[in-house]
2 protein chains.
Amino acid sequence: MTVSDLQIEIARQIVSLASSERWPVGERVSDFALARRLGVSRSPIRSALALLASRGVLAHAPGRGYVLALLPQGNSGIDGIAPPSELEDIHKRLMADRATGAIPMEVSETLLAERYNSTRGTIRKVLLRFAAEGLVQRQRGHGWAFAESLDTDQVEEESYQFRMILECGALRHPGFKVDKDHLASIRAQQAEIMHIPVASVQRDQWFNVNASFHEALAIWSGNRFLVQAVRQQNSLRRITEYAYFERLPYDRIRQVCIEHIAILDALAENDVIFAEALLRRHIEGASRYEVE
Amino acid sequence: MTVSDLQIEIARQIVSLASSERWPVGERVSDFALARRLGVSRSPIRSALALLASRGVLAHAPGRGYVLALLPQGNSGIDGIAPPSELEDIHKRLMADRATGAIPMEVSETLLAERYNSTRGTIRKVLLRFAAEGLVQRQRGHGWAFAESLDTDQVEEESYQFRMILECGALRHPGFKVDKDHLASIRAQQAEIMHIPVASVQRDQWFNVNASFHEALAIWSGNRFLVQAVRQQNSLRRITEYAYFERLPYDRIRQVCIEHIAILDALAENDVIFAEALLRRHIEGASRYEVE
DNA sequence: AATTGGCTTTTATGCAAAAATAAGCCGTCA
DNA sequence: TGACGGCTTATTTTTGCATAAAAGCCAATT
């Protein structure tokens, strides 16, 4: 039986969820709940569960569904169980190759299919994903054109500026209102990261905690367009994040958490002005670091 | 011989160029120059020229290429010579149908292909175009999901707030710099709208002039994410625009142009602070009007 | 001499039918 | 009652082939 890209990605996402939310061994894993949560139907979820069961991560109790058996440990854990889908793999390589200029600004689907030993269909999907992120455009006639000068430093700087505008705009938004429970949960996540030993901080975990902080600011503004824009930035940053994480010193991670918590605390006291000042410093600091 | 969508669109673009640049009858029409200018190869240009020749717009002098014979007059002129391509047609109808809620937020390609009596390939291209405008997104698994349309007062209010954040952010952006030529051309467009009789202001024309003003502010910030976000807002608004334009009084159109021009003039004098104040008033005013 | 027009060759995309896969339903079991 | 498992239906993805677009060449023109 073949395993589709979607199934692989879902399997990886499930492991990632289990690990970041610390599901206990023996926890029942409901396909229905996952389907609703991940926004797909139960079919791919069930394929993914079967895949994970065959790898020993889950145990299948007929009539009672799946239960968590053994969570893969360490950084290579997920990759050992279910390597990245071809889609993710090519997406990353294409991004890197474009950044280094290994491939030209204008490319054809067939050229890429050849280069990455893949099919046009897969390449098409990858390009579609790039297009959704605004990094590539279909041109009339033949081929795809990458956004002008995907000069990484330049794009990254613009991204920081853009996020500054969005998130400060969120804080000043009429009707901005903090959800106490939500804030508490975000704050707990941040505090947790700070207190676990460095080696255990998973890349995905770090990224998700980080992203949900920034997303929360947008959510509290009550403006769906801000939320959408911040989400897009988060997904864009996930790519570079992957490349840089290894080089990210633990001190830096702690520092970021401290700043996040300070901003949250200012918001908890309704001191939006101060929170905005902290946020500006925070994003500027991240910009100097090249990665947050 | 069949005529492809690209060929039709190019033919229409050529006529549009000839008319807006007032080419004299007898002007030589070089395929090479057009190819470079329109960003495609000579092949589709030549097919388009052959099409126009068969319609009597161009005359073919063997050995000396094509010359302009007779420019179609009036607004229905172009449509008479070469009706909009299927792509353009479906694009418009889909937009209208989504605006009125005739089609749901989530659609499948096959559903649309059936509805518009077309093929999935064509639908795909249309959806790709919508996706580039940020109006629709591919979902994991099946189907495409439309972005929130601006069909409720709540969403529209959020859109105004969002644009306020984006555009004021653009003006304050480090490195914000007005392109004099660009500004002059935008200003001229605004002035032109003000001085033509009301009945002649076409919906598309009004929309494009309006959109390019707001887009210009983002472009001058030099931040591609701002540009992208403003473009997306423009596309969203194009949908509601379709429904509201008929009710838009001419005085309101004039008023908007006056405000745009005032902002441009402030920018021309590098008075960004004043420009921002005017811009805030402008967007707030538009918000009160429900439609700009 | 440089550029343009006409023609030909090469390459890439578009298309339609078959295969794979996601979505949705309903009976059954804890 | 709520969730699981099997099943059906609907949608997408794939694959091989037709066709359009791109690129190259050479003669003719200014």
Side-chain angles (χ1 to χ4, degrees), chain A residues 1-10 28-36 38-50 53 58 60-67 86-87 106-114 118-125 127-128 138-144, chain B residues 1-10 28-36 38-51 53 60-67 86-87 106-114 118-125 127-128 138-144:
Chain A
M1 176 189 151
T2 60
V3 183
S4 75
D5 284 335
L6 179 58
Q7 290 164 10
I8 293 180
E9 277 165 38
I10 286 184
R28 283 186 67 177
V29 180
S30 155
D31 59 356
F32 186 82
L34 284 170
R36 206 178 29 194
L38 300 183
V40 295
S41 77
R42 285 169 59 208
S43 302
I45 299 276
R46 289 167 67 186
S47 308
L49 292 180
L58 301 178
H60 182 60
R64 284 191 306 151
Y66 293 90
V67 295
E86 193 184 359
L87 231 72
E106 292 183 14
V107 293
S108 71
E109 294 175 7
T110 42
L111 178 89
L112 294 178
E114 212 169 291
S118 184
T119 67
R120 271 182 44 216
T122 307
I123 295 295
R124 230 190 145 78
K125 273 192 270 187
L127 286 172
L128 220 74
R138 186 70 227 281
Q139 42 183 16
R140 315 204 300 176
H142 286 183
W144 296 74
Chain B
M1 175 186 148
T2 61
V3 182
S4 75
D5 283 337
L6 180 58
Q7 289 165 10
I8 293 179
E9 278 166 36
I10 286 185
R28 281 188 69 176
V29 180
S30 154
D31 58 357
F32 189 82
L34 284 170
R36 207 176 29 195
L38 301 183
V40 294
S41 78
R42 286 167 62 206
S43 303
I45 300 277
R46 301 183 81 228
S47 307
L49 292 180
L51 175 68
H60 182 59
R64 283 192 307 152
Y66 293 90
V67 294
E86 193 185 358
L87 231 72
E106 291 185 17
V107 293
S108 71
E109 293 177 8
T110 42
L111 179 89
L112 294 178
E114 212 168 290
S118 183
T119 68
R120 280 197 37 223
T122 307
I123 295 295
R124 227 190 149 78
K125 272 193 271 187
L127 285 172
L128 219 75
R138 187 70 227 284
Q139 309 188 313
R140 312 206 302 176
H142 284 189
W144 297 75

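Small disclaimer: the values here were computed from a predicted structure and weren't measured. Throughout, a chain's letter reflects where its sequence line sits, starting with A, and its residues are numbered from 1.
- Distances shown here put a side-chain N or O of A:H60 below 4.0 Å from the OP1 or OP2 atom of D:dG5.
- In this structure, the CD atom of A:E9 is 15 Å from the C1' atom of C:dA22, given to the nearest Å.
- Rounded to an integer number of Å, the gap from A:W144 CH2 to C:dG14 C1' is 14 Å.
- The interatomic distance linking A:D5 (CG) with C:dA22 (P) rounds to 10 Å, in whole Å.
- The side chain of B:K125 lies closest to C:dG14, out of C:dG14, D:dA22, D:dT12.
- In this structure a side-chain-to-backbone donor-acceptor pair under 3.5 Å is present from A:R138 to A:G143.
- B:E114 places its CD atom 16 Å from the C1' atom of C:dA16, with the value rounded to the nearest Å.
- Side chain of A:V40, nearest nucleotide from C:dG6, C:dT4, C:dA23: C:dA23.
- Distances shown here put every side-chain N or O of B:R140 at or beyond 4.0 Å from the OP1 or OP2 atom of D:dT11.
- Residue A:L6 is classed as a sugar-phosphate contact, given heavy-atom separations below 4.0 Å to backbone atoms only.
- Taking only side-chain nitrogens and oxygens, B:R138 comes nearer than 4.0 Å to OP1 or OP2 of D:dT13.
- When the C1' atom of D:dT29 is taken as reference, atom CZ of B:F32 falls 16 Å away, rounded to whole Å.
- Proximity of B:L6 to B:L87: side-chain heavy atoms (C-beta onward) are nowhere separated by under 4.5 Å.
- Distance, B:Y66 OH to C:dG5 P: 10 Å, rounded to whole Å.
- For the pair B:D31 and B:G121, nearest-nucleotide mapping onto DNA chain C gives the more 5' position to B:D31.
- In this structure, the nucleotide among C:dG6, D:dT12, D:dC4 sitting nearest to the side chain of A:R28 is D:dC4.
- With rounding to the nearest 0.5 Å, the separation of CZ in B:R42 from CG in B:L49 is 10.5 Å.
- The interatomic distance linking B:R42 (CZ) with C:dT3 (P) rounds to 14 Å, in whole Å.
- For the pair A:V29 and B:S4, nearest-nucleotide mapping onto DNA chain D gives the more 5' position to A:V29.
- When distances run from any side-chain atom of A:S108 to the nucleotides D:dA21, C:dT13, C:dT21, the shortest one goes to C:dT13.
- More than 12 heavy atoms of other residues, nucleotides or ligands shown are found within 6.0 angstrom of CD on A:Q139.
- Annotation: of the two residues near DNA chain D, B:P44 and B:T110, the 5′-most nearest-nucleotide partner is B:T110.
- With C:dT21, C:dT13, C:dA23 as the candidates, the nucleotide lying closest to the side chain of A:Q7 is C:dT21.
- Looking at the side chain of A:S43, the nearest of the listed nucleotides D:dG6, C:dA23, C:dG6 is C:dA23.
- Looking at the side chain of A:R124, the nearest of the listed nucleotides D:dT11, C:dG5, C:dG14 is C:dG14.
- Atom CZ in B:R46 sits roughly 11 Å away from atom P in C:dT8 (whole-Å rounding).
- Here the CD-CD1 distance, from A:E86 to A:I123, works out to 7.5 Å after rounding to the nearest 0.5 Å.
- Nearest nucleotide to the B:T119 side chain, out of C:dA16, C:dT21, C:dT4: C:dA16.
- Between the side chain of B:R120 and the base of C:dG14, no donor-acceptor pair of N or O atoms lies under 3.5 Å.
- Checking D:dG5, D:dC4, C:dA22 against every side-chain atom of A:S30, the shortest atom distance belongs to D:dC4.
- Residues B:L51 and B:Q7 have side chains not in contact (no heavy-atom distance under 4.5 Å, counting atoms from C-beta outward).
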